[in-house]
There are 2 protein chains.
Amino acid sequence: MQHEFDFDGADEQGSEISTVHQFALKPFLARLLRHSRLSLEEHTAILNLKGRVARANIHHDIVSSGRAISHACLIVQGVVGRFDQIADGHRQITALHLPGDICNLHSVVWPDAWLGLEALSATTVLLIPIVELRALAAIHPAIALAFWLDTTVDASICAKWVSKLGRGDARGRLAHLLCELGVRMEQAGLATRTEFPSMIAQAQIADALGLSIVHVNRTMQSLKRDGLIRKRGHMILVDDWERLSTIAEFDPHFLLIAVSDETGKSEKVTPR
Amino acid sequence: MQHEFDFDGADEQGSEISTVHQFALKPFLARLLRHSRLSLEEHTAILNLKGRVARANIHHDIVSSGRAISHACLIVQGVVGRFDQIADGHRQITALHLPGDICNLHSVVWPDAWLGLEALSATTVLLIPIVELRALAAIHPAIALAFWLDTTVDASICAKWVSKLGRGDARGRLAHLLCELGVRMEQAGLATRTEFPSMIAQAQIADALGLSIVHVNRTMQSLKRDGLIRKRGHMILVDDWERLSTIAEFDPHFLLIAVSDETGKSEKVTPR
DNA sequence: CGGCGGTTTGACCTTCCTCAACTTCTGTGG
DNA sequence: CCACAGAAGTTGAGGAAGGTCAAACCGCCG
């Protein structure tokens, strides 16, 4: 039984599994329910998914490019980056994934990995066999659509990144990433958009923004100098969300928020 | 009945429609079959889709951002660009779509348009009501998966663009785009990868690559000077595919080619 | 023939990269 | 509790890639 995984030792206990499953699958279900409406039967079908808990240390590859995928990777804790390897040794991060995300859900329809997944912090994941997810999608068409929509969110974020990398200077890119992370953490119930943990290092921000480490550092300082953000311990505080999102030209539409407005946000997307 | 469309006059005739439908839907079906296996019943279900033919002149928006989507847009002729509008008036193209593509298939699961679609050349499209596609997906689970996989291809291309825009100089980006277009046109049966029409202007290439027009021009000349490409009329000739794809670091994996190898390409993806 | 969209060229300037050193933080073992 | 090593963050100087502006040029079509 091969793992496409660098996990450090046997850390799965019979008793731990069920609790971790609850802990892991509920946020994922919540993420799906932000966009899709599922029946109670479908809820339980998702919550009953089986998987193997594994941990990855920072900088370890969860999936190396070029290998076939047998398991989807549901993040329990930590941050995972999808990356593309460049010939000169550099990496470009093409997507960031937070707890509650399945970072390779698209593998349900295309289980070949031309991409890589790297733990950007100490990470706990639940490895769910692709075949189980595919079976679930086959039995419950609504779940198939929910999965598809979930990957559409990722695609939408990816398109926004293209836009930011193509047009947009270092300040705009960094500001946008901070806004995006803040809102996504808030959505996931992990923090607020104006106060969230800075979970990844500047080198990794650089790989995400297509900048050098040095320039990320200077740009970060420039945002601090202007009173937009601040750091307290490992927390990033956004002191002026208005100005930061203006610099970023941040329009949360691209996160495909809303539909079922359980969060009671006053400003919501209205599909006419 | 509102159109989200700038089409120039009443150009749909009863007699024309059926032939255009054949002409339009067959390449789309072929595109799906490149990745997915569908039953004969599903084939005909797709070929029997109804839509309205419309034309868009170059530079006309097919879908403006911020409007709701009621129709999916199957390209019959021409090139369509997905773009994101930037505050300073610039545009960043986030995806290019060729004949046979439905350029907003994701609207089946998320019919809200935060993006825009622009005709990058004189374009003929078939506007298919989203509700019909959704119904099709509901009735035929295999079609739902095929649609999902089709949007996954787009997402995969998008991720590659992020990688190229983030790390990669002008030469690499342009070379990669030329390789991508060549292979995609070849897949679509429109041309070969070493000789294909240059359907879009340098200004639009600039908007896709995140470069200035001037720099695209100079980079193009530099590729010509090195004997990699040539122009004959409106055709782009790739004289040295090897060297061009090396410069581009072009690895066709990201196009998610293969599965059913009808093209007889010797080098194919082998999911281990 | 004139005009328009697309392409080409040159000069100058900004942004960001590279390299290399240095500092601060963090965790680990003595 | 300190010492140390490794990782992360910070700083400065010089250089390269690409942007901006402005002007010409070309082919196409009315």
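So you know, we letter chains A, B, ... as the sequences are listed, proteins then strands, and number each from 1.
- Annotation: ring pair (Phe, Tyr, Trp, His ring centres under 6.0 Å) contacts of H97(B) (sequence neighbours excluded): none.
- Remark: E180(B) pairs with R184(B) by the salt bridge (charged side-chain N to carboxylate O under 4.0 Å, His left out) rule, at least two apart or across chains.
- Put simply, NE2 on H59(B) is 12 Å from C1' on dC4(C), counting in whole angstrom units.
- Looking at residues two or more places apart in sequence or on another chain, you find a side chain to side chain donor-acceptor pair (under 3.5 Å) between S222(A) and R171(A).
- Contacts between residues 81-99 of chain B and DNA chain D, counted as heavy-atom distances below 4.0 Å, involve no residue at all.
- Residues forming a salt bridge (charged side-chain N to carboxylate O under 4.0 Å, His left out) with D154(B) (at least two apart in sequence, or on another chain): R31(B).
- Evaluation of the ring pair (Phe, Tyr, Trp, His ring centres under 6.0 Å) rule for H106(B) yields no partner, not counting sequence neighbours.
- Comparing R171(A) and I200(B) by the nucleotide of DNA chain C whose heavy atom lies nearest to each, the residue mapping closer to the 5' end is I200(B).
- Whole-Å rounding puts the Q204(B) CD to dT7(C) C1' distance at 13 Å.
- Listed by chain and residue number, L178(B), M220(B), L223(B), K224(B), V238(B), L244(B) satisfy the side-chain contact (heavy atoms from CB on, under 4.5 Å) test with I229(B) (two or more places apart in sequence, or in another chain).
- To the nearest 0.5 Å, atoms NZ (K160(A)) and SG (C158(B)) are separated by 12.0 Å.
- The CD1-C1' distance, from I205(B) to dG6(C), rounds to 12 Å in whole Å.
- An OP1 or OP2 oxygen of dG5(C) is reached within less than 4.0 angstrom by no side-chain nitrogen or oxygen of Q202(B).
- Scanning DNA chain D 5' to 3' for nucleotides with an atom closer than 4.0 angstrom to a non-hydrogen atom of chain B gives a first and last hit of dG18(D) to dC21(D).
- Looking at D84(A) and Q92(A), their side chains never bring a donor and an acceptor atom within 3.5 Å of each other.
- Between the CZ atom of R173(A) and the P atom of dT15(C) there is a distance of 13 Å, given to the nearest Å.
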Item to check | Where protein sits on nucleotides 19-29 of chain C, one letter per nucleotide: B base, S sugar-phosphate only, - none, heavy atoms under 4.0 Å | outcome: B------S---
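- With sequence neighbours excluded, no residue forms a ring pair (Phe, Tyr, Trp, His ring centres under 6.0 Å) with F196(A).
- Note on L211(A): only backbone sugar-phosphate atoms sit closer than 4.0 angstrom, heavy atoms only; bases stay farther off.
- By the side-chain contact (heavy atoms from CB on, under 4.5 Å) test, A201(B) is found to be paired with Q204(B), residues two or more places apart in sequence or in another chain being considered.
- OP1 or OP2 of dT8(C) lies within a sub-4.0 Å distance of a side-chain N or O belonging to N217(B).
- Ring planes of F250(B) and W241(B): perpendicular class, angle over 60° (limits at 30 and 60°).
- Of the candidate nucleotides dC17(C), dG6(C), dT8(C), dG6(C) has the atom nearest to the side chain of A201(B).
- Contact annotation: Q221(B) side-chain N/O to dT9(C) OP1/OP2 distance is under 4.0 Å.
- Side chain to side chain, T94(A) and W161(A) fail the donor-acceptor criterion of an N or O pair below 3.5 Å.
- Summary for the helix from dC1(C)-dG30(D) to dG30(C)-dC1(D): the axes at its two ends, each from 5 pairs, differ by 30° when rounded to the nearest 10 degrees.
- Salt-bridge check for R82(B) with E118(B): failed, with every basic side-chain N at 4.0 Å or more from each acidic carboxylate O.
- Taking the charged nitrogens against the carboxylate oxygens, R91(A) and D61(A) do have a contact shorter than 4.0 Å, which makes a salt bridge.
- Residue G233(A) is classed as having no contact, given no heavy-atom separation below 4.0 Å to the nucleic acid.
- D169(B) comes within contact range of the sugar-phosphate backbone alone, with a heavy-atom separation under 4.0 Å but no base atom that close.
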